[in-house]
Structure formats: structure tokens, C-alpha cells
Amino acid sequence: MRRGSRGLRGVDGVATVIEQLAGCPLPASALESLVLPVRVSDYEPAHLDQLTAAGEVLWAGHGTIPGTDGWVSLHLADQADLSLPEPDVEDLGPLHTSVLAALEPGGAWFFRQLSDAVGSQDDAALRSALWDLVWSGHVTNDTLTPLRALVRGGRGSHRSRRSPPRTGRLPTRTGPADAAGRWSVLPPVAADPTRRAKAAAERLLERHGVVTRGAVAAERVPGGFAAVYKVLSALEDAGRTRRGYFIEGLGAAQFGTAGAVDRLRALAEVAADAKPVPVTLAATDPANPYGAALPWPEPSSAENGHRPGRKAGALVVLVDGALTLYVERGGRTLLTWSEDGDRLAPAASSLAEAARAGAMGDLLVEKVDGEQLLGSGLTPARQALQDAGFVSTPRGLRLRARG
């Protein structure tokens with residue numbers, strides 16, 4: 001899958017992707033720099049804002065990530081009661097309780113209106129309370145503007161090209177940039193656990209095609225695979241899914257849709273001379289099977305403590321679905337799984353394309369497989385990066401983002 005290769009475009013394309021990703025926690029810093037652009041060919045933040053401002057899409061927090069980042073999920077409003085996380089009710093202080101009491105009757109409030117309603121004279125304390133309520137799954141906003149300001153104004157897990165608009169503070173009358181927009185409480189989740197479990201299983205099938213124990217664990221589904229297994233078994237009895245040994249090495253408890261099974265068969269018959277298809281993904285993207293459905297293979301060099309993982313800030317580059325490059329958070333270190341130029345070249349080109357598009361800011365690669373890149377001669381990895389447009393600097397190979 002290349003960036004936007006599925007042919008989805010515009011607001012309708014974004015809505016289609018959100019339906020597939022509903023409820024899946026993703027790093028906020030990766031959402032609009034990597035996750036949505038790789039699926040929607042002409043993605044712009046305005047597309048998502050149009051959907052949230054119209055009330056068609058909601059976003060929710062699932063906890064913080066070190067720095068100024070956090071886990072967020074997107075939801076179609078008419079199905080949100082089945083995909084939203086259960087809010088965390090622990091550690092709510094007096095100001096948190098006052099904010100919820102002001103918001104719970106309904107409506108959406110600007111920051112300054114909210115500060116007047118709760119009688120707060122301390123903008124910093126109110127801002128902090130709002131974000132505590134976001135990350136604990138209580139509160140949301142009608143756009144992603146404050147989330148973008150929070151991530152770009154600090155240390156997001158995924159560095160991206162900075163946007164020219166306001167990133168500091170808005171005028172005093174409206175409040176901080178990372179508290180802009182209108183705040184409201186998220187709707188309550190469905191009380192029936194059976195309905196929620198059934199919806200969760202169906203979302204997993206929609207996202208993955210073939211659901212395995214590892215995929216369920218990677219998404220931190222409440223109740224784990226045991227809860228999902230019961231629902232999938234019932235769907236199998238109803239003829240809505242198939243159980244089988246579709247993917248070698250992943251155990252017998254695999255459930256897939258008819259379309260996914262047919263797709264696997266078609267991919268197995270791809271011509272040997274077909275052009276390699278690379279894609280760069282956030283390591284936490286559900287489209288990355290490694291560390292979830294598939295175990296991480298050993299890299300070319302496992303020395304110096306470098307190991308791949310589904311970590312916020314890390315990237316993977318897949319070529320025809322095979323793991324080829326792993327970019328550690330910050331982009332200074334790469335791990336490789338091939339010395340074949342026919343795989344490394346498209347992988348490096350895909351990484352360069354994502355970097356130029358602003359998905360990770362300027363990229364400076366200093367080490368490959370634990371060794372200094374400029375001290376190891378003209379290795380296959382260095383050759384591939386240079387051919388993709390990376391240029392030599394005293395510290396390593398650099399590629400600058402556009403804009």
C-alpha cells in the first residue's frame with residue numbers, strides 16, 4: 001500500500017477510513033502525518049475538521065505518551081457508543097469535577113466560557129484539567145485544533161513538519177492554543193457488554209481481514225482474545241466469518257472474512273516479476289502486522305541493544321508486506337532485514353517520500369544496525385538511502401522535509 005494507494009479521496013475517503021479504524025488507539029502525532037495520509041491520497045486536516053465540526057466524527061483520548069503526545073481514537077458519531085473507551089473515573093480532583101458538572105448538561109463550551117462557568121482564575125490549571133479529562137476519556141473537542149497545538153508545541157512521538165498557523169497562544173480572551181475550539185463531554189458508552197463485544201469483533205474483522213490472537217493483544221481490546229473468540233465463534237456459526245489456518249505459524253484460532261481469504265489467495269499468485277510495492281507506516285499502525293499478528297524477525301544485527309517494537313514514534317517500511325526497514329523514534333537509527341538492493345531501494349524511496357511530505361520532519365540517519373552509517377563504507381543500506389535523495393553531512397545522511 002503506497003501513500004493513499006487505496007484510491008480514497010476527500011472527506012468521504014476520510015469517513016471511510018474512520019469507519020475502519022473506529023476505536024483503534026493511535027499516537028496523536030502519527031494520526032495526521034502517517035495514518036490518514038497513507039490511506040487517503042489527498043488528505044488535508046480540513047477534511048477531518050469538517051467531519052468533527054459537523055458532528056459526524058468524534059475523537060477520544062486513551063492515555064498519555066511521554067512528552068506532549070497521547071493515544072487517540074476516532075469514532076463515527078452514530079456508532080460511538082459501541083466503540084468509545086470506558087472513561088477512567090480515578091484521580092478526578094475538584095476542578096475536574098467542576099468542569100464535568102458544567103459540561104454534562106450538554107452543549108459545547110469555549111475555554112473562556114468554561115473558565116467563567118467554573119469560576120477559574122488560573123488558565124494553566126484549567127487547561128491541565130481539560131487535558132486530564134481528554135486522556136481519561138471524558139471530554140472531547142469539536143475540532144482537532146487543540147490536539148495539533150499540544151503535539152506541535154512540545155515533544156510529540158512523531159516529529160512532523162510544523163504548520164505555519166498559530167502554535168503559541170491565542171489572544172487572552174479565547175485562551176491557550178491547545179485549548180481552542182468548543183469542549184464537550186463524550187457520549188456514554190453502550191451499557192450492554194454483549195453489543196460492545198460484538199461490535200469490537202466486527203471492527204477487528206474490518207480492520208485486519210484475518211483476526212489472530214496477536215492482533216487482538218496489540219489493540220488492547222478489553223477482555224482480550226478470550227472475549228473476542230466467543231463472539232467470532234458465534235459469527236462463524238451464523239456464517240458471517242470463517243475459521244481456518246489461513247496464515248502459517250499463527251495458530252489455528254484464526255478468523256477471516258470471505259473477501260480476506262480470497263485476497264490472500266490472489267496475493268499468493270502475484271507474478272514473480274511484479275514491481276515491489278513499499279509502504280511506510282507508523283509502527284503502531286494496525287496495518288503493520290509485526291509485533292501483532294506476526295513476530296518481529298531478527299534484524300541484520302541485533303547487537304547494541306537495538307530491537308524493533310510497536311513503539312510510539314517508530315516507523316516500519318514494508319516491501320510487498322515484508323519488513324525491510326525499522327526507523328527508531330527520532331529517526332537517527334535504522335534496522336534492516338535485507339541487503340538486497342531490489343528491496344532496499346524501494347524501501348528507502350518510500351521512507352524518503354514520507355519524509356519529504358512532512359510525515360516526520362527533517363530526517364538525519366546516523367546509524368544502521370548499530371553501526372555508524374558513515375564509518376562503514378558504501379553499504380547496501382547507505383547506497384539505497386543516497387539513491388533516494390539523502391545527502392551526506394558530518395553526522396550522517398540527511399533528508400529535509402518540504403516547506
Side-chain angles (χ1 to χ4, degrees), residues 1 4-9 11-26 30-31 34-36 38-40 43 48 51 56-60 62 71-85 189-190 193-225 227-244 246-247 250 253-267 279 281-282 284-289 292-294 310 321:
M1 181 172 61
S5 64
R6 291 188 60 189
L8 299 176
R9 298 179 62 83
V11 174
D12 290 342
V14 175
T16 298
V17 170
I18 291 171
E19 183 176 13
Q20 185 184 61
L21 294 178
C24 180
L26 298 160
L31 181 63
L34 289 160
V35 176
L36 294 177
V38 84
R39 292 167 168 83
V40 182
Y43 178 76
L48 185 53
L51 291 168
E56 296 181 42
V57 168
L58 304 174
W59 63 273
H62 292 253
W71 297 98
V72 298
S73 58
L74 300 174
H75 309 260
L76 295 180
D78 60 354
Q79 303 170 23
D81 62 327
L82 298 174
S83 58
L84 280 167
V189 302
T194 301
R195 286 183 63 218
R196 286 178 58 81
K198 178 175 179 290
E202 290 176 337
R203 290 196 305 272
L204 286 166
L205 283 168
E206 171 66 16
R207 264 200 290 280
H208 298 281
V210 175
V211 177
T212 65
R213 182 184 300 273
V216 175
E219 292 198 21
R220 299 176 291 177
V221 176
F225 188 69
V228 174
Y229 181 86
K230 294 178 182 178
V231 179
L232 292 173
S233 295
L235 291 175
E236 180 192 18
D237 293 339
R240 297 182 58 186
T241 186
R242 299 179 183 179
R243 187 197 318 235
F246 307 119
I247 304 173
L250 299 188
Q254 300 176 32
F255 294 85
T257 63
V261 174
D262 291 342
R263 179 65 173 159
L264 285 172
R265 289 177 178 143
L267 289 173
V279 61
L281 301 170
T284 52
D285 192 310
N288 168 33
L294 301 175
R310 297 181 69 87

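Worth knowing before you read on, the calculation uses all heavy atoms, side chains too, and leaves out hydrogens, waters and symmetry mates.
With values rounded to the nearest 0.5 angstrom, Q79 atom CD is found 11.5 Å from I18 atom CD1. For the atom pair CG of L76 and CG of L82, the computed distance is 11.0 Å after rounding to the nearest 0.5 Å. Note that the CD atom of E56 and the CG atom of L48 stand 11.5 Å from one another [nearest 0.5 Å]. Put simply, CG on L204 and SG on C24 are 9.0 Å apart, with the number rounded to the nearest 0.5 Å. Here CZ of R243 is found 11.0 Å from CD of Q254. Values are rounded to the nearest 0.5 Å.
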(Q) Would L34 and D285 count as a side chain to side chain contact (heavy atoms under 4.5 Å, CB included) here? Give the steps. (A) CA-CA 9 Å; L34 289 160; D285 192 310; over 6 Å; no

Q: With side chain to side chain contact (heavy atoms under 4.5 Å, CB included) as the test, would you mind laying out the steps for V231 and L235 before giving the verdict?
A: CA-CA 6 Å; V231 179; L235 291 175; 4.3 Å; yes

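Residues R196 and V189 share a closest heavy-atom pair of NH1-CB, 3.3 Å. Residues G256 and T241 share a closest heavy-atom pair of O-OG1, 2.8 Å. Nearest heavy-atom pair, P286 versus R39, reported as atom, atom and distance to 0.1 Å: CG-NH2, 4.4 Å. The shortest non-hydrogen separation linking A227 to P222 is CB-O, 4.1 Å. Nearest heavy-atom pair across A80 and L58 is CB-CD1, 3.8 Å.
Partners of R220 according to the side-chain contact (heavy atoms from CB on, under 4.5 Å) rule, which considers only residues two or more places apart in sequence or in another chain, are P25, W71. By the side-chain contact (heavy atoms from CB on, under 4.5 Å) test, A200 pairs with R203, sequence neighbours left out. Partners of R207 by salt bridge (Lys or Arg N to Asp or Glu O under 4.0 Å), not counting sequence neighbours, listed by chain and number: E219. Take E202 and apply the salt bridge (Lys or Arg N to Asp or Glu O under 4.0 Å) test, not counting sequence neighbours, and it matches K198, R240. Here A60 pairs with S73, H75, L84, P85, L186 under the side-chain contact (heavy atoms from CB on, under 4.5 Å) rule; sequence neighbours left out. Evaluation of the side-chain contact (heavy atoms from CB on, under 4.5 Å) rule for R213 yields F225 as partners, not counting sequence neighbours.
Between L21 and L74 the shortest side-chain heavy-atom distance does not fall below 4.5 Å. For the pair F255 and V210, the minimum side-chain heavy-atom distance is 4.5 Å or more. L31 places a side-chain heavy atom less than 4.5 Å from the side chain of L36.
Of the residues listed (V216, V211, D237), the one engaging L232 in a side chain to side chain contact (heavy atoms under 4.5 Å, CB included) is V211, and it is the only one.
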